[in-house]
Amino acid sequence: MLITRRERFSSSHRLYREDWSEEKNFEIFDKCSNLHGHNYELFITVQGTVNKETGFVVNLKELSRVVKQNIIEKLDHKNLNTDVDFLKNTIVTSENIAIAIWGNIETKIIELGVELYCIKLVETENNFIEYYGNKHK
Ligand code: NI
């Protein structure tokens, strides 16, 4: 069974490559090459079986605590380009943020007795990505 916890964070970022000129950055990333912010929604979906004793796949309070400690506290009200250890040297697109979140949280999810199944990151109401780990690209 799959179960999902939603968390939210607000961060600033710009899409930019140091090795490209201002013109090239603007050509590829357009206005996103300027510093701006998003109110992100992060959906962490885990997979497991229903524990007969508790009726839970996972205790959502524990899942929420793990996500908050390892992800939200590190991203919320931060500049994603400069303030986050696990995003250093990445272009902070939703795609790359989701991959980095996966890498930063997968073992902690396993410690809760379930598997990480999907990370969905909603950047705007029209733009969101879903990442299912390496095995699904
Ligand atoms: Ni943006």
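Keep in mind the model is a prediction, meaning the values are calculated, not measured. Atom set for the values below is all heavy atoms of this structure, side chains included, hydrogens, waters and symmetry mates excluded. We count ligands from 1, going down the list as the structure has it; atoms in each ligand are counted the same way.
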Centroid-centroid distance, Tyr16 to Phe29, less than 6.0 Å:
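Centroid distance Tyr16-Phe29: not below 6.0 Å, so no.
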No-hydrogen, no-angle side-chain donor-acceptor test under 3.5 Å, Asn39 and Ser10:
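Present: a donor and an acceptor within the cut-off.
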N/O/S atom of Cys32 under 2.8 Å from the Ni ion (ligand 1), yes or no?
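Of the N, O and S atoms in Cys32, none lies under 2.8 Å from the Ni ion (ligand 1), which means no.
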Lys68/Glu73 under salt bridge (Lys or Arg N to Asp or Glu O under 4.0 Å): CA gap, chis, key distance, verdict:
CA-CA 6 Å; Lys68 281 184 177 142; Glu73 283 175 15; over 6 Å; no
Starting from the Ni ion (ligand 1), look over the N/O/S atoms of His36 and name the nearest one.
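Minimum-distance N/O/S atom of His36 relative to the Ni ion (ligand 1) is NE2.
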Trp102 vs Tyr131 aromatic rings, parallel, tilted or perpendicular, using cut-offs 30° and 60°?
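Because their plane-to-plane angle is over 60°, the rings of Trp102 and Tyr131 count as perpendicular.
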How wide is the angle at the Ni ion (ligand 1) between NE2 of His38 and NE2 of His13, to the nearest 10°?
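Reported to 10°, the angle equals 110°.
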